[in-house]
Student: 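Handing you a structure now.
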Amino acid sequence: MTTTIGVFLSANKKKRMTVFSELYEFNEQLILNLKFERKPIDKVAEKYKYIPPILAGEKVLDGKDGETIAEYAVNLGKSDALSQIDYLNGRKAALSKCKDESFSDYKKYSSLYVKIFFMVGVLMAVLIA
């Protein structure tokens, strides 16, 4: 039971990591799309889980992360292809930083949460017995 709580708490870290990984990959795909294919943004976003809701204006993460994503999404498709490519290349470093940071947090905290709550469960079992 307590290990389940640890897994549940680490789910938010996993979601954050997944969102920023998708956003970084989407940014790269969008740059390539603008240079070579010129498909609509919605078509490029179809293969991702969190990108279509982001483009629809939904909030997939809270706090500063949500603000970062909203700032990114608000300028998509608002100008010509060359300006968009410049914008997307400019955002690449920030997205890479968020992706790396979220991966590091997930790696560090998700196993920590599971281990702590497993130990709490063991402690409770010892105290009850």
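Values below: every heavy atom of this structure, side chains too, minus hydrogens, waters and symmetry copies.
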Student: Measuring from N89:CG to N27:CG, what's the distance to the nearest 0.5 Å?
Tutor: 7.5 Å

Student: According to salt bridge (charged side-chain N to carboxylate O under 4.0 Å, His left out), does anything in residues 75-100 pair up with another residue at least two apart or in another chain? List the pairs.
Tutor: E28-K92

Student: How far apart are the closest heavy atoms of V60 and K15, and which atoms are they?
Tutor: O-NZ, 2.9 Å

Student: For E67, is there an ion pair with K64 - N to carboxylate O distance below 4.0 angstrom?
Tutor: no

Student: Could you walk me through whether S96 and Y24 pass the side chain to side chain contact (heavy atoms under 4.5 Å, CB included) test, one step at a time?
Tutor: CA-CA 6 Å; S96 178; Y24 181 80; 3.7 Å; yes

Student: Looking at residues at least two apart in the chain, or sitting in another chain, which of them share a side-chain contact (heavy atoms from CB on, under 4.5 Å) with A73?
Tutor: I54

Student: Under 6.0 Å from the OH atom of Y87, do we count more than 12 heavy atoms belonging to anything else shown?
Tutor: yes

Student: Indicate the atoms forming the closest heavy-atom contact of Y106 with K13, along with that distance.
Tutor: CD1-C, 3.8 Å

Student: Test L32 against E37 for side chain to side chain contact (heavy atoms under 4.5 Å, CB included), laying out the working first.
Tutor: CA-CA 7 Å; L32 291 174; E37 295 180 39; over 6 Å; no

Student: I'd like to know if the side chain of Q84 reaches the main chain of I31, judged simply by a donor and an acceptor atom lying under 3.5 Å from each other, with no hydrogens or angles considered.
Tutor: no

Student: Side-chain contact test, heavy atoms from C-beta onward, threshold under 4.5 Å: evaluate it for E46 versus K39 and give yes or no.
Tutor: no

Student: Evaluate the side-chain proximity of F26 to L55: yes if any heavy-atom separation is below 4.5 Å, no if none is.
Tutor: yes

Student: Less than 4.5 Å apart, any side-chain heavy atom of L88 and any of Y72?
Tutor: yes

Student: Where the side chain of S21 meets the backbone of M17, is there a donor-acceptor pair that is under 3.5 Å apart?
Tutor: yes

Student: Please list, chain by chain and in numerical order, all residues satisfying salt bridge (charged side-chain N to carboxylate O under 4.0 Å, His left out) with E71, sequence neighbours excluded.
Tutor: none

Student: Are any of the side-chain heavy atoms of F20 and I69 separated by less than 4.5 Å?
Tutor: yes

Student: Do E22 side-chain atoms and K49 backbone N/O form a donor-acceptor pair below 3.5 Å?
Tutor: yes

Student: Testing L76, I85, I51 one by one against L30 for a side-chain contact (heavy atoms from CB on, under 4.5 Å), which residue passes?
Tutor: L76

